[in-house]
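Computation of the quantities below employed the complete heavy-atom set of this structure, encompassing side-chain atoms and omitting hydrogens, waters and symmetry-equivalent molecules.
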Amino acid sequence: MTDTVARSARRDFLPYSPPLIGEDEIREVVDTLRSPWITTGPKTKRFEEEFAAALGSPGALALNSCTAAMHVALACLEIGPGDEVITTPLTFAATVNVIEHVGARPVLVDVEPDTLNIDPERVAAAMTPRTRAIMPVHYAGHPVERDTLDALARANQVTMIEDAAHALPARFRGRPIGADANPVAFSFYATKNLTTAEGGMLTGDPEFLDRARVMALHGMSRDAWKRYEKGGSWRYDIVAPGFKYNLTDIASAIGLCQLRKLERFHTRRQEIAAAYTAAFEVDEALEPPVQRAHVDHAWHLYVLRLRPHALRIGRDQFVDELSKRNIGTSVHFIPVHVHPYYRDKYGYARADFPVAYSNFERLLSLPLHPGLTDQDVSDVIDAVLDVVQTHRR
Ligand SMILES: *Cc1c(COP(=O)(O)O)cnc(C)c1O
């Protein structure tokens, strides 16, 4: 480490996004392990009910990942070969992988330059008679232009499946993401705003979710745990070749505790994001994330963009410099179209989605989680400003 680095560096490494698990989660998991039911059962049912109540969802189905939720939604809509699904290149690969899983064609359209969310005008232009669904991602936790996309979906008689992996809790015009009847997929992966280690939730119309519940458990016509209840029958029918996507009661035990802390977690995320923005918006080398007036941001990610004209270093070196100063960061996301599988299968060039690609090259995600102390936050701010000062053009 050089002297300039040592002066401003914190002593221990600040991880990018550790989970925040308390004694209550531990107690609830142990309680489950001591109970006669450890896989999908009463706690999962309660988790679904409390999650739906928290968001005002018509219904909720707990699954073992957000990926599973999106896959099962596509399968229940019978989307497959010959069909097209419109989504964004600036997402985690799972959003697009599930479209491949059902044999449909992912149609990528570029993002808006400010929010980095899918651009509704480009979605409209990409609609064809083969389009069956739109899969927007609430990037970083900033809601997409939901009303515009919803109207577009209705007008074209296609389904909007929302990838809400980042959007808990987020609101569009005061309405929670996940409160509507279309399928919405949440993630409870270890780094997400609410975690069950691995897990997910599909919200939407209860009748649709009944079908999804069957598809998510082997295509069996009744829940396994009801089968083993007193008076339950051993008999079941396989009505479709379903998946194995159910969430365990061990995971739901964690989720029930996390759900109670969600508002507190969210308030802390908002405070941290506000502190970062106040520190960075005055520096011409830095571009803090935007928040449109009519949305409530979930602040899953704090995506900082660098302004290349003001710096002598690029994003990759900026990340290295922060790491030297003991600040962990990440990059969300390597655009889908530059990954070899998608690049080669569809013949994409980097410039095919110029907004997504040019922003990918200059963005990084700073630590943002409710476990950060005020000292941690000011360490991140100091480190970022120190890197900027050292490498200003
Ligand atoms: C994390 C994430 C997923 C996948 O979530 P899992 O629960 O790990 O399947 C999907 N989409 C986005 C945008 C994500 O960030």
Side-chain angles (χ1 to χ4, degrees), residues 66-112 116-139 144-165 180-185 202-205 207-209 211-212 215-216 219 240-243 245 333 335-357:
C66 177
T67 308
M70 295 188 290
H71 186 197
V72 91
L74 288 167
C76 285
L77 290 163
E78 295 178 355
I79 292 173
D83 296 333
E84 294 175 353
V85 178
I86 298 174
T87 191
T88 167
L90 201 61
T91 185
F92 184 58
T95 321
V96 187
N97 287 347
V98 293
I99 301 170
E100 294 279 320
H101 291 164
V102 297
R105 188 189 212 277
V107 174
L108 303 180
V109 307
D110 213 349
V111 295
E112 303 168 325
L116 303 180
N117 275 328
I118 198 165
D119 184 336
E121 278 182 32
R122 292 180 207 262
V123 174
M127 286 281 182
T128 76
R130 292 178 298 281
T131 307
R132 294 284 318 279
I134 310 171
M135 285 181 73
V137 176
H138 304 287
Y139 177 80
V144 297
E145 284 304 313
R146 216 192 156 279
D147 289 355
T148 311
L149 293 173
D150 190 45
L152 205 53
R154 284 171 200 277
N156 289 274
Q157 293 180 301
V158 308
T159 306
M160 175 159 70
I161 304 170
E162 293 167 67
D163 179 340
D180 290 274
N182 64 304
V184 182
L202 183 64
T203 61
D205 171 58
E207 273 177 38
F208 181 77
L209 295 182
R211 272 187 287 147
M215 278 308 283
F243 310 113
Y245 282 165
F333 294 94
V336 170
H337 69 289
V338 306
H339 286 299
Y341 174 82
Y342 291 101
R343 181 195 62 203
D344 298 345
K345 179 167 181 181
Y346 296 106
Y348 291 131
R350 287 175 176 189
D352 286 352
F353 308 101
V355 183
Y357 192 77

Here the pair of heavy atoms bringing Leu74 nearest to Val102 is CB-CG1, 4.0 Å

Can you check whether His337 and Tyr342 have ring centres sitting under 6.0 Å from each other? no

Backbone N/O of Ala153 and side chain of Asn156: donor-acceptor pair under 3.5 Å: no

Side-chain donor-acceptor pair present, Glu162, Asn182, cut-off under 3.5 Å: yes

Write down the atom of Arg211, the atom of Cys76, and the distance for their closest heavy-atom approach. NH1-O, 3.2 Å

All heavy atoms of Ala104 vs all of Ile79, minimum pair found to be CB-CG2, 3.9 Å

Does any non-hydrogen side-chain atom of Cys66 lie less than 4.5 Å from one of Asp163? yes

Side chains of Ile134 and Met127: closer than 4.5 Å at any heavy-atom pair? yes

At what distance, to the nearest 0.5 angstrom, does CG of Asp180 lie from OG1 of Thr203? 8.5 Å

According to the salt bridge (Lys or Arg N to Asp or Glu O under 4.0 Å) rule, which pairs have a member within residues 76-87, sequence neighbours left out? Asp83-Arg132, Glu84-Arg130

Out of curiosity, Tyr348 OH to Phe353 CZ, how far, rounded to the nearest 0.5 Å? 4.5 Å

Applying side chain to side chain contact (heavy atoms under 4.5 Å, CB included) to Asp119 and not counting sequence neighbours gives Glu112, Glu121, Arg122

Close side-chain approach of Val184 and Leu202, heavy atoms under 4.5 Å: no

Out of curiosity, Thr87 OG1 to Leu90 CG, how far, rounded to the nearest 0.5 Å? 10.5 Å

Say you draw a straight line from CG of Asn117 to OH of Tyr139; how long is it, rounded to the nearest 0.5 Å? 9.0 Å

Do Leu108 and Val336 have side chains that get closer than 4.5 Å, going by heavy atoms? yes

Gap between atom CE of Met135 and atom OG1 of Thr88 - 0.5 Å precision: 11.0 Å

Qualifying salt bridge (Lys or Arg N to Asp or Glu O under 4.0 Å) pairs with a residue from residues 88-108, counting only residues at least two apart or across chains: Glu100-Lys345

When you compare the side chain of Ile118 with that of Val137, does any pair of heavy atoms fall below 4.5 Å? no

I need the minimum non-hydrogen distance between Pro89 and Val111, along with the two atoms involved. CD-CG1, 4.5 Å

With respect to Pro183, which candidate in Asp205, Val72, Thr159 satisfies the side chain to side chain contact (heavy atoms under 4.5 Å, CB included) definition? Thr159

Please give me the minimum heavy-atom distance between Pro241 and Met215, naming the atom from each residue. O-CE, 4.1 Å

Rounded to the nearest 0.5 Å, what separation is found between the NE2 atom of His71 and the CD1 atom of Ile161? 11.0 Å

With a 4.5 Å cut-off on side-chain heavy atoms, are Val96 and Val85 touching? no

Just wondering, do Pro106 and Tyr346 contact through their side chains at under 4.5 Å, heavy atoms? yes

Minimal heavy-atom distance between Ala351 and Pro354, with the atoms involved, is O-CD, 3.2 Å

Quick check: do Asn97 and Ile99 have side-chain heavy atoms less than 4.5 Å from each other? no

